[in-house]
Amino acid sequence: MFVTGAAGAVGTMAGQIARLLGATRVIGGAGSPQKAQRLERELGYDATLLRGAGFLGQQLAQAAPDGIDVVLDTVGGELLTAAVHAANRGARIALVGALDGQLSPDRAGGNAPAVLDTYRLLTRGITIAGYNGVDRPDVEAEWETCFGHWLRVGDIHFPYTPVLGMQRTPCTSPTWPPFESHAAMRSNSGG
């Protein structure tokens with residue numbers, strides 16, 4: 001299984017749930033080495049593709065030499081392009097997000113274009129479907145039962161960073177504050 005945006009809220013759960021449902025190999029896409037390490041060390045991912053560390057298609061081919069059968073795509077863009085290229089015959093791709101478009105300064109969240117090899121989709125019988133919870137209200141009860149069980153028995157791990165004091169919470173993010181140093185922020189807040 002390949003999860004794009006694996007370090008996000010959906011991805012951190014998706015990899016663990018894939019394992020619980022029988023996935024033998026789980027690969028994620030991430031935007032920083034720190035996120036990739038956390039995915040592999042704490043959340044059970046076998047390998048991680050790193051945006052900006054080389055051609056994503058090549059990274060995915062190395063991480064999944066036998067191809068991929070299932071994709072959970074929260075990003076779109078070149079990660080989706082790489083996923084289609086690595087997809088096996090009969091692979092299923094679920095589109096659940098479009099972060100590539102939402103994070104792009106050029107597109108302002110309005111679209112998330114991806115180049116897809118339609119010949120590969122056709123000849124390999126690859127299925128791509130968009131999904132949001134509103135489309136399938138019938139699965140809500142099943143989801144609550146399964147997820148509740150996994151929580152009760154400790155099969156799901158929520159990644160978090162413990163912090164003493166709410167005033168220090170913004171300092172846990174390496175990108176916060178966006179325009180001033182951590183030291184400047186602490187001196188401005190009296191801490």
Side-chain angles (χ1 to χ4, degrees), residues 1-104 112-117 119-121 123-131 143 146-147 150-151 153-161 172-175:
M1 175 166 188
F2 176 47
V3 180
T4 66
V10 171
T12 58
M13 294 292 108
Q16 296 175 76
I17 292 168
R19 286 271 194 232
L20 291 168
L21 295 176
T24 56
R25 185 156 177 80
V26 181
I27 301 161
S32 75
Q34 296 81 5
K35 289 177 182 178
Q37 288 173 358
R38 192 168 199 185
L39 288 168
E40 293 176 25
R41 189 175 50 240
E42 297 177 29
L43 298 172
Y45 278 82
D46 296 296
T48 310
L49 280 60
L50 190 57
R51 279 191 331 272
F55 180 58
L56 290 169
Q58 187 175 26
Q59 290 182 57
L60 187 52
Q62 289 173 344
D66 296 327
I68 50 177
D69 296 313
V70 177
V71 178
L72 182 70
D73 182 33
T74 65
V75 178
E78 64 180 324
L79 282 168
L80 178 57
T81 300
V84 168
H85 185 75
N88 290 326
R89 178 171 301 285
R92 295 155 301 170
I93 301 173
L95 306 176
V96 298
L99 285 174
D100 187 63
Q102 292 169 321
L103 299 177
S104 172
V115 176
L116 301 180
D117 183 343
Y119 185 75
R120 180 176 289 272
L121 294 172
T123 60
R124 292 190 175 209
I126 299 166
T127 303
I128 297 181
Y131 177 83
W143 166 249
C146 291
F147 195 67
W150 294 328
L151 285 173
V153 300
D155 287 342
I156 295 287
H157 169 74
F158 286 97
Y160 65 93
T161 303
T172 63
S173 173
T175 59

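Bear in mind that the values here come from a model prediction, so they are computed numbers and not experimental data.
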Roughly how far apart are [X] [atom1] and [Y] [atom2], rounded to 0.5 Å?
X     : Y      : atom1 : atom2 : result
Thr12 : Tyr45  : OG1   : OH    : 7.5 Å
Phe55 : Glu78  : CZ    : CD    : 8.0 Å
Leu20 : Cys146 : CG    : SG    : 9.5 Å
His85 : Asp117 : NE2   : CG    : 8.0 Å
Ile27 : Ile68  : CD1   : CD1   : 7.0 Å
Leu79 : Leu56  : CG    : CG    : 5.0 Å

Check step by step if side chain to side chain contact (heavy atoms under 4.5 Å, CB included) holds for Val26 and Leu43.
-> CA-CA 10 Å; Val26 181; Leu43 298 172; over 6 Å; no
Side-chain contact test, heavy atoms from C-beta onward, threshold under 4.5 Å: evaluate it for Ile17 versus Trp143 and give yes or no.
->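 Counting from C-beta outward, Ile17 and Trp143 do come under 4.5 Å.
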Minimum-distance pair of heavy atoms, taken over all atoms of [X] and [Y]:
X     : Y      : answer
Ala47 : Arg25  : CB-NH2, 3.8 Å
Leu60 : Ala86  : CD2-CB, 3.6 Å
Val84 : Arg120 : O-CD, 3.0 Å

Anything under 3.5 Å between a donor and an acceptor, one on a side chain of residues 2-11, the other on a protein residue two or more places apart or in another chain? List them.
| from | atom 1 | to | atom 2 | distance (Å) |
| --- | --- | --- | --- | --- |
| Thr4 | OG1 | Asp73 | OD1 | 2.6 |
| Thr4 | OG1 | Thr74 | N | 2.8 |
| Thr4 | OG1 | Val75 | N | 3.3 |

Could you list the donor-acceptor pairs under 3.5 angstrom formed by side chains in residues 87-94, with sequence neighbours left out?
| from | atom 1 | to | atom 2 | distance (Å) |
| --- | --- | --- | --- | --- |
| Asn88 | ND2 | Asp66 | O | 3.1 |
| Asn88 | ND2 | Asp69 | OD1 | 3.0 |
| Arg89 | NH1 | Thr123 | O | 2.7 |
| Arg89 | NH2 | Thr123 | O | 3.4 |

So, the side chain of Thr81 versus the backbone of Val115: is there a donor-acceptor pair under 3.5 Å, distance only?
->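 Yes, because the side chain of Thr81 sits within donor-acceptor range (under 3.5 Å) of the backbone of Val115.
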Can you sort out the partners of Trp150 under ring-ring contact (aromatic ring centres under 6.0 Å, His included), two or more places apart, ordered by chain and number?
->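 Checked Trp150 against ring-ring contact (aromatic ring centres under 6.0 Å, His included); zero matches.
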So which pairs with a foot in residues 11-23 pass salt bridge (Lys or Arg N to Asp or Glu O under 4.0 Å), sequence neighbours left out?
->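 Residue pairs with at least one partner in residues 11-23: Arg19-Asp46.
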Thr48: partners by side chain to side chain contact (heavy atoms under 4.5 Å, CB included), with sequence neighbours left out =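 Applying side chain to side chain contact (heavy atoms under 4.5 Å, CB included) to Thr48 gives Ala30, Ala36, Leu39, Glu40.
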Apply side chain to side chain contact (heavy atoms under 4.5 Å, CB included) to Gln34 and list each qualifying residue two or more places apart in sequence or on a separate chain.
->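 Gln34 satisfies side chain to side chain contact (heavy atoms under 4.5 Å, CB included) with Ser32 only.
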Before giving the answer on side chain to side chain contact (heavy atoms under 4.5 Å, CB included), spell out for Asp155 and Gln16 the whole-Å C-alpha distance, their side-chain angles and the decisive distance to 0.1 Å.
-> CA-CA 8 Å; Asp155 287 342; Gln16 296 175 76; over 6 Å; no
